[in-house]
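Input: a single structure, listed below in structure tokens.
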Amino acid sequence: MFEANQLSVLSEMGIPVWQLRQAGIVKEEVRTPDTDNHVEIDTAGLLARVNASNWLFCHDGKESQECQRLLQSICSAMGISQGICLLSLNDLKAITSETIASSEKKRLILFGESIVKQVFGPASTVESLRNEPQQALQSNLTTFVSSSLQSLLENTANKKQVWQDIRQIKQLDS
């Protein structure tokens, strides 16, 4: 069982604590927001954010300060300072069936295998799709694929590959 101060800290962090009751025994289970697949998404608000942005980024790792800084560095290297929208996997699932306004002007950049499989199917890989822009979702967003942000943080050798991807995106966008 958790103590009151532990429950307070978990609550402040946005981590719900559920009590599982079985035959008079109470077990407490901690569920992080990442494992809760029943997250309600404000589709109208999400579409408004997407429609107001030209650059959409989605990665397959957990949100961390390191990943956020890395993504900011990538945007800086690309010369992008505004019109950016960071999407979660749940956001991406929510907009797959929605119409995105002015999709020909938007770029979707996917970082990581699980996101690539989600968008392009289970047989797809980063390596097979990373060299050419793809068309994704029903709104035919021009989509670029690259290694996961977490792999970049763990293995600096992957940064060369991502830098090549960034250069290609910049050339196609010019």
Side-chain angles (χ1 to χ4, degrees), residues 32-35 37 39 41-174:
T32 62
D34 294 334
T35 59
N37 293 327
V39 176
I41 294 178
D42 173 16
T43 308
L46 174 62
L47 280 175
R49 279 187 10 221
V50 168
N51 287 331
S53 304
N54 290 327
W55 293 93
L56 311 174
F57 293 90
C58 188
H59 69 95
D60 63 1
K62 291 184 178 183
E63 282 299 312
S64 71
Q65 288 182 345
E66 290 174 313
C67 285
Q68 193 72 9
R69 282 192 300 267
L70 181 57
L71 192 54
Q72 288 173 346
S73 296
I74 289 170
C75 289
S76 177
M78 293 174 66
I80 304 169
S81 61
Q82 57 187 4
I84 300 167
C85 182
L86 181 61
L87 302 171
S88 70
L89 178 58
N90 287 333
D91 292 340
L92 196 61
K93 288 177 184 177
I95 65 170
T96 56
S97 62
E98 300 293 334
T99 302
I100 298 173
S102 306
S103 61
E104 69 277 355
K105 297 178 184 177
K106 297 186 186 314
R107 303 291 184 256
L108 172 63
I109 302 176
L110 305 175
F111 293 98
E113 289 289 332
S114 64
I115 297 294
V116 168
K117 290 182 183 316
Q118 174 70 32
V119 173
F120 295 107
S124 302
T125 64
V126 168
E127 280 305 311
S128 67
L129 298 175
R130 72 173 275 270
N131 294 319
E132 294 294 325
Q134 308 295 319
Q135 297 300 310
L137 308 179
Q138 290 182 357
S139 50
N140 292 324
L141 287 169
T142 300
T143 305
F144 300 91
V145 172
S146 195
S147 300
S148 75
L149 296 178
Q150 194 61 41
S151 74
L152 293 175
L153 293 170
E154 294 169 359
N155 184 0
T156 57
N158 292 339
K159 288 184 180 180
K160 179 179 178 182
Q161 178 185 30
V162 172
W163 179 246
Q164 291 170 346
D165 295 341
I166 290 170
R167 285 184 32 207
Q168 179 184 12
I169 294 168
K170 285 174 64 173
Q171 286 173 352
L172 291 173
D173 205 49
S174 299

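Excluded from the calculations below are hydrogen atoms, water molecules and symmetry mates; all remaining heavy atoms, backbone and side chain alike, are included. Remember, it's a predicted structure, so these values are computed and weren't measured experimentally.
- With sequence neighbours excluded, no residue forms a salt bridge (charged side-chain N to carboxylate O under 4.0 Å, His left out) with Arg69.
- Between Asn54 and Ile80, the closest side-chain pair of non-hydrogen atoms is not below 4.5 Å.
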Donor-acceptor contacts, no H, no angles, side chain residues 120-131, under 3.5 Å, sequence neighbours left out:
{"unit_1": "Ser124", "atom_1": "OG", "unit_2": "Phe120", "atom_2": "O", "d": "3.1"}
{"unit_1": "Ser124", "atom_1": "OG", "unit_2": "Gly121", "atom_2": "O", "d": "3.4"}
{"unit_1": "Thr125", "atom_1": "OG1", "unit_2": "Ser128", "atom_2": "N", "d": "3.1"}
{"unit_1": "Thr125", "atom_1": "OG1", "unit_2": "Ser128", "atom_2": "OG", "d": "3.0"}
{"unit_1": "Glu127", "atom_1": "OE2", "unit_2": "Gln161", "atom_2": "NE2", "d": "2.7"}
{"unit_1": "Ser128", "atom_1": "OG", "unit_2": "Thr125", "atom_2": "N", "d": "3.3"}
{"unit_1": "Ser128", "atom_1": "OG", "unit_2": "Thr125", "atom_2": "O", "d": "3.0"}
{"unit_1": "Arg130", "atom_1": "NE", "unit_2": "Asp165", "atom_2": "OD1", "d": "3.1"}
{"unit_1": "Arg130", "atom_1": "NE", "unit_2": "Asp165", "atom_2": "OD2", "d": "3.4"}
{"unit_1": "Arg130", "atom_1": "NH2", "unit_2": "Gln161", "atom_2": "O", "d": "3.2"}
{"unit_1": "Arg130", "atom_1": "NH2", "unit_2": "Asp165", "atom_2": "OD1", "d": "2.7"}

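- For the atom pair CG (Leu149) and CD (Glu66), the distance works out to 11.0 Å, reported to the nearest 0.5 Å.
- In this structure, Trp55 and Ile169 have side chains that are in contact, with non-hydrogen atoms separated by less than 4.5 Å.
- Here the CD-CD distance, from Gln72 to Gln65, works out to 10.0 Å after rounding to the nearest 0.5 Å.
- In this structure the side chain of Asn51 reaches within 4.5 angstrom of the side chain of Lys106, judged on heavy atoms.
- You'll find the side chain of Ile109 reaches within 4.5 Å of the side chain of Met78, heavy atoms only.
- Residue Leu110 is tested with Asp60, Ile115, Leu56 for a side chain to side chain contact (heavy atoms under 4.5 Å, CB included); the sole match is Ile115.
- Judged by distance alone, the side chain of Ser148 and the main-chain N or O of Ser151 form a donor-acceptor pair under 3.5 Å.
- Across every non-hydrogen atom of Phe144 and Pro133, the tightest pair is CE2-CB, 3.6 Å.
- Counting heavy atoms from C-beta on, the side chains of Leu71 and Ile84 never come closer than 4.5 Å.
- Counting all heavy atoms, side chain and backbone alike, Leu46 lies closest to Asp91 at CD2-O, 3.5 Å.
- The CG atom of Asn155 sits 9.0 Å away from atom OG of Ser147, with the distance rounded to the nearest 0.5 Å.
- Here the side chains of Phe57 and Cys75 are in contact, with some heavy-atom distance below 4.5 Å.
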- request: Could you go through the side chain to side chain contact (heavy atoms under 4.5 Å, CB included) check for Gln134 and Leu108 one step at a time?
  value: CA-CA 9 Å; Gln134 308 295 319; Leu108 172 63; over 6 Å; no
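- Nearest heavy-atom pair, Cys85 versus Ser53, reported as atom, atom and distance to 0.1 Å: CB-OG, 3.3 Å.
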